[in-house]
Amino acid sequence: MKTLFDIEQTDEPKGNDNQPENEFAYLDELNPVQRQAVEQITGPVMVIAGPGSGKTRVLTYRIAHIIKKGNAPYRILSLTFTNKAAKEMKERIEKIVGEQAARQLWSGTFHAIFARILRVEAEKIGYPSNFTIYDTQDSKNLLKNIIKEQNLNPDIYKPNVVYNRISNAKNNLISPQAYKAHAGLMENDKHANVPKIADLYGRYMRRCRQAGAMDFDDLLVNMYGLLKKVPEVLEKYQNKFHFLMVDEFQDTNLAQYLIIRTLADKRKNICIVGDDAQSIYAFRGATIENILSFEKDYPNVKTFRLEQNYRSTKAIVRTANEVINYNKKQIAKKIWTSNDDGDKIKLIEAANDSDEAKIVAGSIFETRLRNHFKNEDFAILYRTNAQSRLFEEALRKRNIPYRVFGGLSFFQRKEIKDMMAYLRLTVNNNDEEALRRVINYPKRGIGKTTTDKMAAFAVAEQKPLWEIAANIQLYQFSQRVKTGVGGFVNMIRLFMKHLQKEDAFELAQRIGRMSGLTKAIHSDRSVEGISRQENIQELFNSIKEFTDSKKEEAVELEDGSFAAADSSLGAYLQEVSLLTDMDQGEEDSNDKVKLMTVHSAKGLEFPAVYIVGLEEELFPSKRSKTQSDIEEERRLFYVAITRAEKQLTLSYANCRYKFGSLVYSEKSRFVEEISPLYLDMIGGKPAARERRFGSSSSYESFKESDSIGNNVRSAQKRNLQKKRAAVQPSAELVKNFKASPVLQIKPGCQVLHLRFGMGEILRIEGAADKPIAVIDFEHHGEKKIMLKFAKLMVVG
DNA sequence: CCCAGCCTGGTTTTT
DNA sequence: CCAGGCTGGG
């Protein structure tokens, strides 16, 4: 983290006449542009802030300034995008304005803040105040059920696809009715052979409503609906919030933008901060258009540009600029720095992914010694969460402590979801997904057939599933089922009786005990079983922490009176349902190497950054096909690069197992694109590679492998054996292949077309759906690589 | 009708 | 590597 900026102070700080000199001392820490943005607390303000330009500093100081100017903290609504950013902001503000004031601030993620408001106002739009928040998995499960009920083919109507389309519609505030009336969308769906999407959308919405549940997108949609449909609510919040601030504005979608605009409409004291070059959430509806709209909607906007980078070395800033310059769609600006040139950008080229991990771990080990870095100075950034595993292994082997962020978050673990489902169901009986999850866990003899039958009644009668369960006696079921379901319902009802009497911790313990869930988990003595127990224990600990802290806390209301904070189970669920990563354990990340996706690294900075897995189809993702997709990948790369303060290392594996295929990719698209600059940086020759650590031959693992390669997963091995038996190469192909000076084909394999040329670039053209080749080839003398292509692709 | 255990298929990124 | 689907035994 930065301690002090070495800023050239061109202006003498302008002390405010009415205030003691030191009152606004913090303003001295800002450069002239930053300071102007901070001091402009009224009217529409737009701050275009490049990476490392002190954006968070501007935001936090601006909030402090608003408060110091005599405005109550609860007049300020500050919205961010991720929990992590929100948390960091809160901490920094607290340091300036004190804990008391910071606590009254309305600061958090869009989703969290809107959920908080909706809790209070939900009944005005026909939702219970104890509504559940469905996570993605809940939503997809519900969709899957609906698709099945409608007798649609789940292979065509993939829950994933349906979910994404619905989510898209919601992010653009398109209702099911509007969707049906929208010719373009309907045409599109028809074309994609999924004409029933609009219908499913409507059904899904009704089911959520019936279950008293909102999904992530509903928090936005319903917030907007609330403001549009209930004038007194609109009035209330417009009067409540005198100042609005939005961070990472480039990542807002239409729904978010319209909500912000509506809330700010009365006073128009709205400040947005963003950087179009760091827009990396288009996939969930974010649009840079919002920046253009903002300028149009607020013609008298004051714009400030923060272009000086205080974070990174010249080498890093130059690389970043170089990368982003390939993008056509961007607002012109020049990020510069007065920092040192710094070290050259390093490139690691590894044979395969586990080798890559070893080399990176080795490099961290070495750099740490040489530069007296601490573990916490390092970050490994990757494109997908799944990539973390090999790096974890490699770091463990070298005894380097690390922490993985994101990934399978605590709350997505099965045992935690089960427990949470009980808690959710107790607070909101109508929560269908929770009910389905636990009605037969632990085993109560209520199987799939029974649940499906109950669900059919629920659909036919347009009632929540709980209603059927609660009145099971009225329906045609066997006595055994009736007893089982009846017992379950009574149990939940018993829990409900204690909702008011007991705090979240007491009630959760009761639920764990009486539901038999704790017992079921404790009876499992396997390794996973033990870890499950620990997780449940951790959950209980966190609930205890929650109740304890709430009991200490007295909430100061806006009229000055005090009230006891709510420590009930309902309050706990509300607070916790939008947490994705348990970053509660700050001490947990003390002096550890940090591993995370590039997306979650946004807003953070580290002295030394490794960007790994820079391979075609991985980073950039193979899902990125269109020009604008690629531009988003490039922005993502830009974000990753600009996290680095002093050292940046890029890394890729020559060949990587992906979905059963081993892909040779000598140069990733990115590396190639920045290569003129990159060559300059490493001294003109790509041969100046980082030394390999560990094994003398990076291809060791291949030599030791069996004929397919020891990294092939067992399932694929089985498959491959089957398929290989079926595929025979044509004589011509074998001949062509053998003509290649360095490539040899193994008998029994088929290759469509291979070309080898342009130095070390292996180019493979053509496409096939089947696995076809195992190839040995020479590389720098004796090295051998085995390749198996599930799908041929152009690489190089 | 339920359940345990095997098998297969799928994996971007976040709230 | 995990979750969900399928199958065969109870």
Side-chain angles (χ1 to χ4, degrees), chain A residues 79-86 108-115 133-141 144 148 154-155 158-160 164 167 170-171 214-220 223 248 251-253 255-256 279-286 381-390 405-409 411-414 417 440-453 477-478 480-481 484 528 577-581 596-603 613 617-625 629 632-633 635-637 639-640 657-660 713-716 718-719 722:
Chain A
L79 296 168
T80 55
F81 213 68
T82 61
N83 289 316
K84 217 184 277 163
T109 65
F110 282 93
H111 292 83
I113 294 286
F114 295 166
I133 297 172
Y134 274 176
D135 67 15
T136 316
Q137 202 187 339
D138 294 324
S139 301
K140 285 179 186 170
N141 283 343
K144 208 187 290 177
K148 204 158 78 189
D155 290 333
K158 294 190 179 116
N160 250 327
N164 286 336
S167 178
K170 284 185 178 175
N171 285 326
M214 297 189 197
D215 67 15
F216 288 134
D217 302 317
D218 286 336
L219 293 173
L220 309 181
M223 181 71 203
E248 307 283 13
D251 288 332
T252 54
N253 56 41
Q256 287 163 327
S279 158
I280 54 175
Y281 284 101
F283 72 91
R284 32 113 89 184
L381 308 182
Y382 36 74
R383 180 66 231 269
T384 69
N385 282 307
Q387 286 168 258
S388 71
R389 275 203 31 184
L390 289 169
F405 288 81
L408 236 206
S409 92
F411 287 100
Q412 284 169 279
R413 298 209 160 95
K414 185 191 176 310
K417 284 216 80 171
N440 198 32
Y441 181 79
K443 297 269 141 64
R444 297 189 181 85
I446 309 166
K448 201 176 159 311
T449 324
T450 307
T451 333
D452 283 350
K453 215 163 117 188
F477 284 99
S478 75
R480 211 180 51 172
V481 166
E528 300 91 29
S577 48
L578 285 167
L579 285 186
T580 44
D581 191 9
M596 65 186 86
T597 62
V598 179
H599 280 92
S600 42
K602 193 155 84 145
E617 304 222 321
L618 185 58
F619 191 0
S621 162
K622 74 166 159 193
R623 304 274 250 258
S624 305
K625 285 284 170 244
D629 290 343
E632 175 145 322
E633 294 285 316
R635 291 194 295 269
L636 195 57
F637 194 35
V639 168
Y657 276 104
K658 279 195 308 183
F659 310 131
R713 311 173 323 187
S714 58
Q716 283 160 354
R718 287 190 307 268
N719 255 341
K722 264 187 249 162

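Residue numbering restarts at 1 for every chain, and letters A, B, ... go by the order of the sequence lines.
In this structure, the CZ atom of A:F405 is 18 Å from the C1' atom of B:dT15, given to the nearest Å. One can place OH of A:Y281 at 5 Å from C1' of B:dT14, the figure rounded to the nearest angstrom. With rounding to whole Å, A:K140 atom NZ is found 15 Å from B:dT15 atom P. What separates CG of A:L381 from C1' of B:dT13 is a distance of 13 Å, to the nearest Å. If you take CZ of A:R635 and C1' of B:dT13, they are 13 Å apart, rounded to a whole angstrom. Spacing between atom CE of A:M596 and atom C1' of B:dT14 amounts to 14 Å, rounded to whole angstrom units. Atom-to-atom, CG of A:L79 to C1' of B:dT15 comes out at 13 Å; the value is rounded to the nearest Å. In this structure, A:E632 places its CD atom 13 Å from P of B:dT13, rounding to the nearest Å.
Taking each heavy atom of A:R284 and A:N171 in turn, the nearest pair found is O-ND2, 3.1 Å. A:A255 approaches A:L220 most closely through the heavy-atom pair CB-CB, 4.1 Å. When all heavy atoms of A:A86 and A:T80 are compared, the pair lying nearest together is CB-OG1, 3.3 Å. When all heavy atoms are compared, the tightest approach of A:K170 to A:D215 is NZ-OD2, 2.8 Å.
Mapping A:K448 and A:R389 onto DNA chain C by nearest heavy atom places A:R389 closer to the 5' end of the strand. Where A:K453 and A:K158 meet DNA chain B, the nucleotide closest to each residue was compared, and A:K453 sits on the side nearer the 5' end. For the pair A:F110 and A:N160, nearest-nucleotide mapping onto DNA chain B gives the more 5' position to A:N160.
For B:dT15, the OP1/OP2 oxygens have no side-chain nitrogen or oxygen of A:N253 closer than 4.0 Å. At B:dT13, one or more side-chain N or O atoms of A:N385 fall inside 4.0 Å of OP1 or OP2 (strictly under the cut-off). For the OP1/OP2 pair of B:dC2 and a distance below 4.0 Å, the side-chain nitrogens and oxygens of A:T450 include at least one atom meeting the criterion. Taking side-chain N and O atoms only, A:R480 has no distance below 4.0 Å to OP1 or OP2 of B:dC1. Listed pair A:T136 / B:dT14 fails the phosphate criterion, with no side-chain N or O lying under 4.0 Å from OP1 or OP2. Phosphate contact (OP1/OP2 of B:dT15, side-chain N/O of A:N171, threshold under 4.0 Å): absent.
Distance from the side chain of A:H111 is smallest for B:dT15 among the nucleotides B:dT13, B:dT15, B:dC2. Closest to the side chain of A:T109, from the set B:dT13, B:dT15, B:dC3, is B:dT15. Each of B:dT14, C:dG4, B:dC2 was ranked by its minimum atom distance to the side chain of A:Q137; first place goes to C:dG4. Of the candidate nucleotides B:dT13, C:dG4, B:dT15, C:dG4 has the atom nearest to the side chain of A:K144. For A:K443, counting side-chain heavy atoms from C-beta on, the closest listed nucleotide (B:dT13, B:dC3, C:dG4) is B:dC3.
The residue A:N440 sits close only to the backbone: its heavy atoms come under 4.0 Å of sugar-phosphate atoms, none of a base.
Within the cation-pi definition used here (under 6.0 Å to the ring centroid, within 45° of the axis), A:K602 does not qualify as a partner of A:Y281.
Around NZ of A:K158, the count of heavy atoms belonging to other residues, nucleotides or ligands within 6.0 Å does not exceed 12.
Checked by distance alone, A:R284 brings no side-chain donor or acceptor within 3.5 Å of a matching partner on the base of B:dT13.
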